[in-house]
Amino acid sequence: DESVETYFNWTILDISEWSDFDKRLQQKTEQLAKANAQVEKFLYSTSHDLRAPITTIFGLVNLMRHEVKDSSILDYVDKIEASVNRLDTIIHDILNFSKAYYQRLSSVRIDFESMIHRVLAKHVDNPSFSRIHVEIKIRGDFSFYTDTERLEMIMENIIRNAVNFYDENKSRSFIHIYVNITEDQCVIEFIDNGIGIGKQFLENIFTMFYKASHLSKGAGLGLFIVKEAVTQIGGTVTVESEVGFGSLFRVTIPNNHKGRLINRKRQLRQLS
């Protein structure tokens with residue numbers, strides 16, 4: 001100090017509470033990770049286990065159709081098949097939800113044309129699909145990388161909605177799928193002229209278990225899975241719709257780092 005005498009001044013900070021909090025937080029994190037792993041395993045195994053008896057029921061239904069001639073009994077068979085189909089759709093949605101939420105992300109080059117045709121092929125047996133004209137346009141020859149399973153889930157659920165909610169009163173039903181690929185992203189538009197979605201429902205359609213129509217055959221998970229899968233791969237999804245006119249779903253997905261790097265290397269080669 002001013003009188004040239006030496007003093008010591010110190011502060012003691014008790015961090016034992018912080019240390020305990022850090023340990024508790026680590027324990028909670030480990031418990032949460034364990035719980036997530038258990039839920040993932042439960043959803044996946046349950047969905048697979050339920051598919052076996054459903055496959056058996058489908059087989060029995062087909063046998064009854066060949067062996068039974070009574071029209072009233074065949075009517076019951078049709079109702080059984082419709083109910084089992086609905087259950088199969090719900091189980092399929094649960095399995096997709098498990099994959100979208102828990103499965104580790106991958107990075108694969110996407111062949112959009114083959115993926116779209118693969119998804120459309122799943123609806124060939126749906127009577128509604130035969131009445132719908134499908135148009136596919138793909139622009140851009142850039143390499144595009146993202147998680148292939150999640151992208152296919154997105155396409156599958158949006159296309160399934162367009163097929164299930166087509167407008168049977170229209171003389172020409174259609175689904176247009178437009179893909180625009182650039183160096184950094186792709187924009188996929190799904191346009192249909194189905195029954196459309198009321199504006200009062202639009203803000204809730206991506207909510208889990210939400211059904212905007214009594215015609216819905218699933219558990220209300222389809223568009224929730226779309227939103228979850230899009231979020232997982234860093235994209236966005238928007239919807240425009242009007243009752244009686246149809247819907248437009250626009251999905252924007254960023255190109256993975258690998259895809260952007262390949263595109264830039266190709267541009268440099270073209271400039272050299």
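The residues of the chain are indexed from 1 along the displayed sequence.
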Look at the side-chain heavy atoms of Ile, Leu, Val, Met, Phe, Trp and Tyr, link any pair under 4.5 Å apart, and say whether [X] and [Y] land in one connected group.
{"X": "V187", "Y": "V251", "value": "no"}
{"X": "L105", "Y": "M155", "value": "yes"}
{"X": "L202", "Y": "L223", "value": "yes"}
{"X": "F142", "Y": "V108", "value": "no"}
{"X": "L261", "Y": "I110", "value": "no"}

What residues, two or more places apart in sequence or in another chain, satisfy ring pair (Phe, Tyr, Trp, His ring centres under 6.0 Å) together with [X]?
{"X": "F249", "value": "none"}
{"X": "F245", "value": "none"}
{"X": "H123", "value": "none"}
{"X": "F112", "value": "F144"}

So [Y] and [X], do their side chains get closer than 4.5 Å, heavy atoms only?
{"X": "H133", "Y": "R172", "value": "yes"}
{"X": "T148", "Y": "M115", "value": "yes"}
{"X": "I136", "Y": "L120", "value": "yes"}
{"X": "H176", "Y": "E189", "value": "no"}
{"X": "S143", "Y": "R109", "value": "yes"}

Discussion item. Restricting to non-hydrogen atoms, name the atom on I154 and the atom on A229 that form the minimum distance, rounded to 0.1 Å.
Written reply: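 Reported closest heavy-atom pair: CG1-CB, 3.8 Å.
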
Worksheet item: If you take all heavy atoms of S128 and I132, which pair is closest and at what distance?
Response: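 Heavy atoms only, the tightest pair is O-CG1, 3.4 Å.
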
Worksheet item: Would I253 and R150 satisfy side chain to side chain contact (heavy atoms under 4.5 Å, CB included), going step by step from the backbone distance to the final call?
Response: CA-CA 11 Å; I253 301 170; R150 285 175 174 82; over 6 Å; no

Worksheet item: Where do M64 and V61 land on the side chain to side chain contact (heavy atoms under 4.5 Å, CB included) test, with the steps shown first?
Response: CA-CA 5 Å; M64 290 181 72; V61 164; 5.7 Å; no

Practice prompt. List the steps, then state whether side chain to side chain contact (heavy atoms under 4.5 Å, CB included) holds for F190 with I175.
Written response: CA-CA 7 Å; F190 303 86; I175 300 173; 5.5 Å; no

Discussion item. One pair to check against side chain to side chain contact (heavy atoms under 4.5 Å, CB included): V134 and I159. What are the steps and the verdict?
Written reply: CA-CA 10 Å; V134 179; I159 290 172; over 6 Å; no

Worksheet item: Do side-chain atoms of S241 reach the backbone of G246 as a donor and acceptor pair under 3.5 angstrom?
Response: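 Such a contact is found between S241 side chain and G246 backbone.
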
Run the side chain to side chain contact (heavy atoms under 4.5 Å, CB included) test against [X] and tell me which residues pass, sequence neighbours left out.
{"X": "D167", "result": "N169, K170, I195"}
{"X": "N62", "result": "R65"}
{"X": "K258", "result": "S107, Y145, N256, I262"}

Compile the donor-acceptor pairs under 3.5 Å between side chains in residues 68-76 and protein atoms, sequence neighbours left out, one pair per line.
residue	atom	partner	partner atom	Å
D70	OD1	S72	N	2.9
D70	OD1	S72	OG	2.6

Practice prompt. List, by chain and number, the other hydrophobic cluster members for I191, where Ile, Leu, Val, Met, Phe, Trp and Tyr join if side-chain heavy atoms come within less than 4.5 Å, directly or indirectly.
Written response: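 F174, Y178, L248, all in the cluster of I191.
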
Partners of [X] by side chain to side chain donor-acceptor pair (under 3.5 Å), sequence neighbours excluded?
{"X": "D111", "value": "S114"}
{"X": "N157", "value": "R160"}
{"X": "E228", "value": "Q232"}

